[in-house]
Number of protein chains: 2
Amino acid sequence: MTTQIANHVDLVAILVRSIDASICYYRDQLNYPVVADEQMPELGVRLVLLDAGGTHLQLVEPTTNGPLKEDLDRLGEYLHHICFAVPDIDLAISQLSPTQPVSINLGGRNRRTAFLPSGRNGVRIELTEIEPYQPSEGVS
Amino acid sequence: MTTQIANHVDLVAILVRSIDASICYYRDQLNYPVVADEQMPELGVRLVLLDAGGTHLQLVEPTTNGPLKEDLDRLGEYLHHICFAVPDIDLAISQLSPTQPVSINLGGRNRRTAFLPSGRNGVRIELTEIEPYQPSEGVS
């Protein structure tokens, strides 16, 4: 029996210099509603999530210096990563990254999220647990 | 009244050197079923589409020399573009690219598709008409 790891593509993330300067295209021209707009100082980003039917677009704006800001300075804006929703992030990590350690953070929408240390086909892969984090569970 | 242009994210495309060498991760580890596997000699690509719940992942393998093969040689494999499903591609093009001409092709799944000449935030944007092409309509 195959264990179901990934449930669906939760979001596709676009790294942008300024969400305020970028959002009108996605919200007003493509007509995708904004469903979350979060400042995440502990991750050094502002995250805006748009409902793109069946999945989401996420605009990611670095708000502090760090790897994301360096990426932006070096490469410009670009399609940054895909995030797969998983029912159990610990199980998914153990199956998708059995040998390399993975850090779990609290990401947008108060969900446990993790970037896999090895992407695939040049694509950064994030996992997000479908149900928001409940403190009694422990973060990782 | 706002005219609805984009319906949903139809697919997220990944440019790969070899679909055969890449597909097992998406199909067997992430458990996304393959819903189409098409050779498109007129576009110089093989396209494999996986159902990723609500949206699709598309693996794009260049099969002839051309811009995609050059991209691959220069940049390696990467997250290549987003495709938005639209009910009426002519209407969507007229609203999203009112001044620059856009070429419409018959793409995968026998759908009328078009890349917008100007992407957004460094992201290439494709449109695909939701209903497959019916020859009586004319291609463009």
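Below, chain A is the first sequence line, B the second, and so on; all start at residue 1. Everything quoted here is computed from the prediction, not taken from an experiment.
Hydrophobic clustering, with ILVMFWY side chains joined whenever heavy atoms are under 4.5 angstrom apart, keeps L49(B) apart from F115(B). Transitive grouping of hydrophobic side chains (ILVMFWY, heavy atoms separated by less than 4.5 Å) brings V102(B) and I82(B) into a common cluster. The hydrophobic cluster containing L11(A) does not contain V16(A), counting ILVMFWY residues as joined when their side-chain heavy atoms lie under 4.5 angstrom apart, directly or transitively. L106(B) and V60(B) fall into different hydrophobic clusters, where Ile, Leu, Val, Met, Phe, Trp and Tyr residues are linked whenever their side-chain heavy atoms come under 4.5 Å apart, directly or through other members. Put simply, L47(B) and I125(B) are part of two different groups of oily side chains (I, L, V, M, F, W, Y) that touch within less than 4.5 Å, one to the next.
Shortest non-hydrogen contact noted between L96(B) and Q29(A) is CD2-NE2, 3.9 Å. Here the shortest heavy-atom pairing between H80(A) and L79(B) reads C-CD2, 4.2 Å. Residues Y32(A) and V9(B) approach most closely at OH-N, 3.9 Å, considering heavy atoms.
Atom CD of E131(B) has 12 or fewer neighbouring heavy atoms from other residues, nucleotides or ligands inside a 6.0 Å radius.
For the options A52(B), S22(B), G53(B), heavy-atom pairs under 4.5 Å to chain A are most numerous at A52(B).
Exactly one of Y25(B), Y26(B), Y78(B) qualifies for a side-chain contact (heavy atoms from CB on, under 4.5 Å) with N121(A). That residue is Y26(B).
One finds the CD atom of Q95(B) at 10.5 Å from the CG atom of L30(A) (value rounded to the nearest 0.5 Å). Between atom CG of residue D10(B) and atom OG1 of residue T55(A) there is a gap of 12.0 Å, rounded to the nearest 0.5 Å. Atom-to-atom distance recorded for R120(A):CZ and L57(B):CG is 13.5 Å, nearest 0.5 angstrom.
For L127(A), no part lies near chain B; criterion is any non-hydrogen pair under 4.5 Å. At a 4.5 Å heavy-atom cutoff, the contact between V12(A) and chain B is made by side-chain atoms alone. If you measure heavy-atom distances from H81(B) to chain A, the contacts under 4.5 Å come from the backbone alone.
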